[in-house]
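Every chain is numbered from 1 and lettered A, B, ... according to where its sequence line falls, protein lines coming before strand lines.
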Protein chains: 2
Amino acid sequence: MNDIKPPATDRSEPFQRLGEIGLSNFAPYLMNRLMGRYNADLRQEMAGLGLTTPKMRTLAVLSVIDALPISELAVYAVVEQSTLSRALEQLATDGLVRREPDANDSRVTRVVITDTGRAAFDQLWPTMARIYSQMFNGIPDEERAAFVETLRKMLHNIRKHDF
Amino acid sequence: MNDIKPPATDRSEPFQRLGEIGLSNFAPYLMNRLMGRYNADLRQEMAGLGLTTPKMRTLAVLSVIDALPISELAVYAVVEQSTLSRALEQLATDGLVRREPDANDSRVTRVVITDTGRAAFDQLWPTMARIYSQMFNGIPDEERAAFVETLRKMLHNIRKHDF
DNA sequence: GATTTATAATTGCAAATGCATATTATTCTG
DNA sequence: CAGAATAATATGCATTTGCAATTATAAATC
């Protein structure tokens with residue numbers, strides 16, 4: 001089992017069927033499995049901190065790029081805008097973020113992470129880092145770098161926003 | 001912007017912070033973005049066929065490996081067992097799958113895809129294949145193959161089941 | 001072989017989610 | 001510059017989700 005076939009090069013037909021490609025050769029399937037496991041593993045840890053996936057992602061993104069408009073944050077955090085709106089409500093109530101009106105465009109609300117918010121993410125980060133490191137266990141640095149580079153190309157291919 | 005740094009090789013500290021790695025170098029982030037887009041794009045198409053993500057994944061998996069026990073199907077389809085249980089209820093009502101008791105172990109229910117179920121998945125497949133092909137647009141075959149190979153290693157590293 | 005322990009699947013329930021819509025502010029067009 | 005189109009965010013609502021508990025069967029242990 002686990003027969004390894006290269007991706008199709010025959011373009012004479014519109015496309016192969018999934019059964020022909022095989023689940024273990026179908027990148028979206030593998031990525032969904034991988035991310036499903038990753039997110040499920042994290043969820044347990046987050047629950048202990050009173051966080052959900054959207055709330056955690058919000059903090060993760062803001063820990064890197066602070067003071068984003070809500071609409072951009074939704075893209076970065078991969079969360080529906082309406083879901084994010086409610087997640088921010090809770091995060092603000094708990095003092096992990098602040099909503100600040102944009103000076104130039106009064107439609108826009110920018111979200112700022114607080115020290116408490118950073119502290120909460122810092123508590124979660126070791127777990128994220130551990131799972132991350134476990135994922136790449138035994139995979140050489142050059143292979144990791146190539147993998148990430150391919151991911152970036154793919155994201156560029158299908159993303160709907162310039163960031 | 002978009003400064004490209006190789007993954008860390010300095011192991012003197014327990015781990016880098018996310019801000020140091022950068023979102024665009026952090027594989028789980030990129031994969032979540034990618035799969036978020038992929039799944040959201042598919043969802044629209046599925047809605048037209050009365051399918052949800054769990055229902056679609058069920059059909060996708062069964063189109064490749066039929067007659068799986070529900071518990072295994074949940075792993076392959078990356079769906080919580082309770083969610084799957086209800087998805088199967090709907091799929092069975094719509095005649096897309098059948099639940100069959102296992103002959104050897106009467107705790108087990110095996111799920112079988114029907115012709116109608118295959119037809120439904122066949123209707124969805126062109127869209128999946130199109131997005132799949134769009135994702136890999138401009139990426140050479142060797143790079144795709146290497147990418148999938150790395151994914152397989154990663155899944156092997158973090159999966160909880162032998163399949 | 002009776003009792004404990006483990007596994008498969010379902011279900012109750014509170015919470016989270018996504019879609020469509022509402023609301024307010026901005027930009028575009030004639 | 002008035003009116004229409006667009007954009008950012010919030011909210012109502014039906015559905016979905018995940019967790020915990022339940023039921024039913026099988027395997028392990030004594």
* To do: Answer yes or no: is there an ion pair linking B:E89 with B:R86, defined by an N-O contact shorter than 4.0 Å?
  => no
* Asked: Rounded to whole angstroms, how far apart are CG on B:L68 and P on C:dA9?
  -> 10 Å
* Any side-chain N or O of B:S106 less than 4.0 Å from the OP1 or OP2 oxygen of D:dA26? -> yes
* To do: Indicate yes or no: at least one non-hydrogen side-chain atom of A:L68 is less than 4.5 angstrom from one of A:V111.
  => no
* Asked: Where do A:Q81 and A:A74 come nearest, in terms of heavy atoms and distance?
  -> CA-CB, 4.3 Å
Below 3.5 Å is the cut-off: list the nitrogen or oxygen pairs between protein and nucleotides 3-5 of chain C, distance only.
none

* **Polar side-chain atom of B:T83 near backbone of B:V79 as donor-acceptor pair, under 3.5 Å** => no
* Pick one: which of B:D41, B:L51, B:N39 meets side chain to side chain contact (heavy atoms under 4.5 Å, CB included) with B:M46? -> B:L51
* Asked: B:L84 has an atom CG; how far is it from atom P of C:dT11, in whole Å?
  -> 13 Å
* To do: Flag the pair A:T109 / A:E100 as yes when at least one side-chain heavy-atom distance between them is below 4.5 Å, and no otherwise.
  => no
* With distance as the sole test, does A:R144 use its side chain to make a donor-acceptor pair with the main-chain N or O of A:F136 at under 3.5 Å? -> yes
* **Interatomic distance where CD belongs to A:E72 and P belongs to D:dA7 [whole Å]** => 14 Å
* Nearest whole angstrom, please: distance from the C1' of C:dT17 to the NZ of A:K55. => 15 Å
* Asked: So what does B:R110 touch, heavy atoms closer than 4.0 Å: a base, only the sugar-phosphate, or nothing?
  -> nothing
* On DNA chain C, nearest-nucleotide positions of B:R99 versus A:D105: which is more 5'? -> B:R99
* To do: Can you tell me the distance, in whole Å, between the CG atom of A:L73 and the P atom of D:dA10?
  => 11 Å
* According to a strict under-4.0 Å criterion, is B:S71 in side-chain N/O contact with OP1 or OP2 of C:dA9? -> yes
Pull out every protein N or O sitting under 3.5 Å from an N or O of nucleotides 19-24 of chain C, one pair per line with the distance.
unit_1, atom_1, unit_2, atom_2, d
C:dC19, N4, A:S82, OG, 3.2

* Structure fact -> Nearest-nucleotide check on DNA chain D, B:T53 vs A:T109; residue mapping nearer the 5' end is A:T109
* Report whether A:V78 and A:Y76 are members of the same hydrophobic cluster (ILVMFWY, side-chain heavy atoms less than 4.5 Å apart, transitive linking). => no
* Asked: Given the rule in the ring pair (Phe, Tyr, Trp, His ring centres under 6.0 Å) test, do A:F26 and B:Y132 qualify, once you have shown the distances and angles that lead to the verdict?
  -> CA-CA 9 Å; A:F26 191 56; B:Y132 174 52; 4.7 Å; yes
* To do: Find the distance B:H161:NE2 to C:dT7:P and express it as a whole number of Å.
  => 11 Å
* Atom CE of A:M56 to atom P of C:dA16: distance rounded to whole Å? -> 15 Å
* Quickly work out the B:Q90 CD to D:dT15 P distance and round it to whole Å. => 10 Å
